[in-house]
Amino acid sequence: MTPAKFFTLAALALLAGPGAARADAPLEALRQRVEELRAGREVRVDGERIAARRLIAEFYERLGFRPAWTPARAQELVALVEASREDGLEPSDYHLAALRAGAEDQADRELLYTDSLARLAYTLYFGKLDPRQVDPQWNFGRTLDGIDPVQALEGILRAPALAPAVRAYAPQLPEYGNLRKALARYRGIRDAGGWSGLPAGPTIKPGTRDPGVAALRARLAASGDLSPPAAPEPDAEFYDPELEAAVARFQRRHGLEPDALVGRRTRAALNVGVQARIDQIRVNLERLRWVAQDLKGDYLLVDIAGFRARLTLDGRLAWSSRVVVGRPYRSTPVFRATMKYIVLNPSWTVPPTILEEDIVPKVAQDPEFLARSHMQVLDFEGRAVDPTAIDWASYLGRPLPYQIVQAPGDDNPLGRLKFMFPNSHDVYLHDTPARNLFDKPERAYSSGCIRVEHPIELAVLLLDDPERWNREALLEAIAAGETRSVFLKRRVPVMLLYWTAVADDGGVVEFHPDLYGRDAQVLKGLDAPFRLNLPEPGQKARRVSS
């Protein structure tokens with residue numbers, strides 16, 4: 001059941017359910033606290049700041065300043081706050097110590113419990129951080145689906161049990177549940193002593209003897225990549241086939257070439273501590289909380305750090321592909337847009353950054369570069385310009401007052417298909433003639449756009465017209481060589497996301513390289529003091545999307 005449905009039913013139960021009216025008398029002290037909250041004053045209970053001031057004020061005003069918490073409900077809340085660790089959160093954000101101590105004054109207890117509940121439900125639904133503070137161009141949804149926050153609190157407290165009511169706020173995605181399990185597993189590894197790194201040394205190769213093999217075997221056994229040895233014990237210094245398979249497995253999980261050679265990069269990945277991996281999982285649980293509301297129905301998702309894209313139609317995986325994304329200094333942005341049309345046999349208008357940093361310097365050194373690359377110089381009204389009449393060296397390091405357009409063809413960097421979801425970043429998905437890049441484990445080679453390994457299959461699914469646009473018809477139209485745009489009947493949301501840790505249903509965790517160095521800021525926010533930015537009571541939060 002979605003949070004929206006749950007709290008709609010719960011709100012109705014307030015009016016019609018058994019025990020809907022409380023016999024508790026109003027608390028004068030609670031009314032006074034609410035007036036302080038309404039006045040915008042900072043209110044603290046046992047040193048803990050009450051964050052959800054307007055929400056709590058409205059909540060108790062609707063209750064007529066009657067208490068909302070029973071001792072049994074308070075015990076359930078303490079258990080839930082303690083369990084917030086399982087979501088990668090910090091229980092102290094939800095007043096755990098003060099909850100356990102129990103404020104002497106009843107009005108103070110009411111404020112403390114309700115603020116704790118509001119904080120926890122808010123974090124599970126939206127995430128602890130406001131992603132717009134991490135990325136000012138963030139444009140995913142942040143709504144309560146029309147539910148009044150006060151009614152949501154009332155619904156939770158009227159539910160038969162607190163835990164399922166609060167858990168309904170958390171992402172209901174398999175990806176989220178898998179990462180929660182992974183977090184528990186890696187914490188278990190840490191609590192059992194973690195693992196030791198490998199000392200520096202030359203590359204360890206399969207089939208050889210090396211003094212570092214024993215440490216390698218112990219390291220992989222600790223992370224579960226290598227099963228405990230059966231009797232008799234293996235030769236401590238011999239790199240045997242079983243260990244080779246374990247190393248390759250580890251390399252695949254960490255975005256490395258699965259060649260079983262324990263060289264510099266593999267050794268570096270092996271030497272990342274278990275706490276760092278725990279933090280990496282926590283960061284990506286937070287990222288999932290940010291977008292869980294959007295990941296439903298039809299959508300095309302690009303996992304930038306994982307170098308993969310997948311199309312989900314009607315809630316089911318319909319297509320998956322390896323992709324190439326932007327180099328670190330031309331990073332692919334995170335955003336949401338809507339797929340609107342596909343261009344067959346696209347020409348390529350060179351983007352300004354590539355024009356200034358790549359093309360102009362090449363032409364300044366090699367005047368024949370444009371002709372060999374089937375590129376044409378145009379003014380901004382689309383008229384052809386003679387490239388030999390341009391002093392290219394004079395435009396080094398400054399904007400060129402022309403466009404350069406490459407004609408469709410086998411050497412066009414966009415290949416034969418371009419997938420358009422208009423956005424302010426001028427980023428799109430496209431085919432590519434550089435097919436060899438898809439075989440590399442790390443695929444950050446583009447200038448920001450996303451190159452797709454299997455574009456034909458994606459186009460057929462998006463066009464969703466088996467009679468007019470089956471695979472054969474699409475290939476025939478491409479072979480004709482004409483540039484044309486085909487608009488889609490099914491408008492699919494496109495989401496470019498950045499996940500550095502994912503886990504599958506079997507518990508296998510993949511750790512992706514933090515290409516753009518984005519994890520540290522999220523982790524810092526998770527460990528920082530709590531901040532709350534709830535919608536006003538009675539209002540809907542605004543959805544921001546393109």
Side-chain angles (χ1 to χ4, degrees), residues 3 6 44-52 55-56 67-104 106 108-129 152-153 155-173 176-192 194 274-275 277-286 288-289 292 503 522-523 525-532 534:
F6 175 83
R44 290 181 177 268
V45 176
D46 292 344
E48 296 287 310
R49 184 177 62 87
I50 302 303
L55 170 62
I56 290 175
W69 290 87
T70 65
R73 271 288 188 257
Q75 289 180 356
E76 289 182 83
L77 178 64
V78 171
L80 270 173
V81 169
E82 291 172 338
S84 66
R85 291 189 182 93
E86 298 170 12
D87 291 86
L89 302 171
E90 177 48 59
S92 62
D93 283 337
Y94 315 105
H95 313 312
L96 179 59
L99 290 176
R100 285 172 171 167
E104 292 184 6
Q106 185 179 9
D108 283 347
R109 289 198 303 272
E110 288 287 324
L111 295 187
L112 188 71
Y113 296 158
T114 305
D115 191 64
S116 172
L117 176 61
R119 287 179 176 217
L120 182 56
Y122 166 87
T123 306
L124 291 174
Y125 195 62
F126 287 120
K128 178 178 175 179
L129 286 72
L153 283 179
I156 291 175
L157 288 170
R158 291 285 181 171
L162 207 60
V166 175
R167 290 304 309 173
Y169 261 100
Q172 306 302 305
L173 304 167
Y176 190 80
N178 294 341
L179 265 188
R180 286 182 83 238
K181 293 175 184 176
L183 179 62
R185 177 168 164 260
Y186 275 77
R187 281 176 168 163
I189 294 172
R190 178 197 62 191
D191 296 344
V274 66
Q275 184 59 51
R277 294 307 185 191
I278 289 170
D279 290 340
Q280 199 169 347
I281 293 171
R282 291 180 61 218
V283 163
N284 287 278
L285 283 167
E286 174 73 358
L288 279 167
R289 288 189 286 266
V522 180
L523 181 62
L526 283 173
D527 293 336
F530 184 88
R531 296 181 62 183
L532 183 69
L534 271 173

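It should be emphasised that the depicted structure is a prediction, and the values quoted were computed from it without experimental measurement. All residue numbers refer to positions in the sequence shown, counting from 1.
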With D93, the salt bridge (Lys or Arg N to Asp or Glu O under 4.0 Å) member among R85, R49, K128: K128

Polar side-chain atom of [X] near backbone of [Y] as donor-acceptor pair, under 3.5 Å:
X: R109; Y: A103; result: yes
X: S116; Y: L112; result: no
X: E110; Y: A68; result: yes
X: Q172; Y: A170; result: yes
X: E286; Y: L129; result: yes

- request: Could you give me the CA-CA distance, side-chain angles and deciding distance for E90 and R282, then say whether salt bridge (charged side-chain N to carboxylate O under 4.0 Å, His left out) is met?
  value: CA-CA 10 Å; E90 177 48 59; R282 291 180 61 218; 6.0 Å; no

query: Below 4.5 Å, heavy atoms only, C-beta onward: do L89 and L124 meet side chain to side chain?
result: yes

Heavy-atom side-chain proximity of L179 to L183 below 4.5 angstrom: no

- prompt: Does the side chain of Q280 pick up a donor-acceptor pair with the side chain of N284 at under 3.5 Å?
  reply: no

Minimum-distance pair of heavy atoms, taken over all atoms of L99 and Y94: CD1-O, 3.5 Å

task: Look at D191 together with R187 and state whether they make a salt bridge at an N to O cut-off of under 4.0 Å.
output: no

query: Is a salt bridge present between R100 and E82, judged by a nitrogen-to-oxygen distance below 4.0 Å?
result: yes

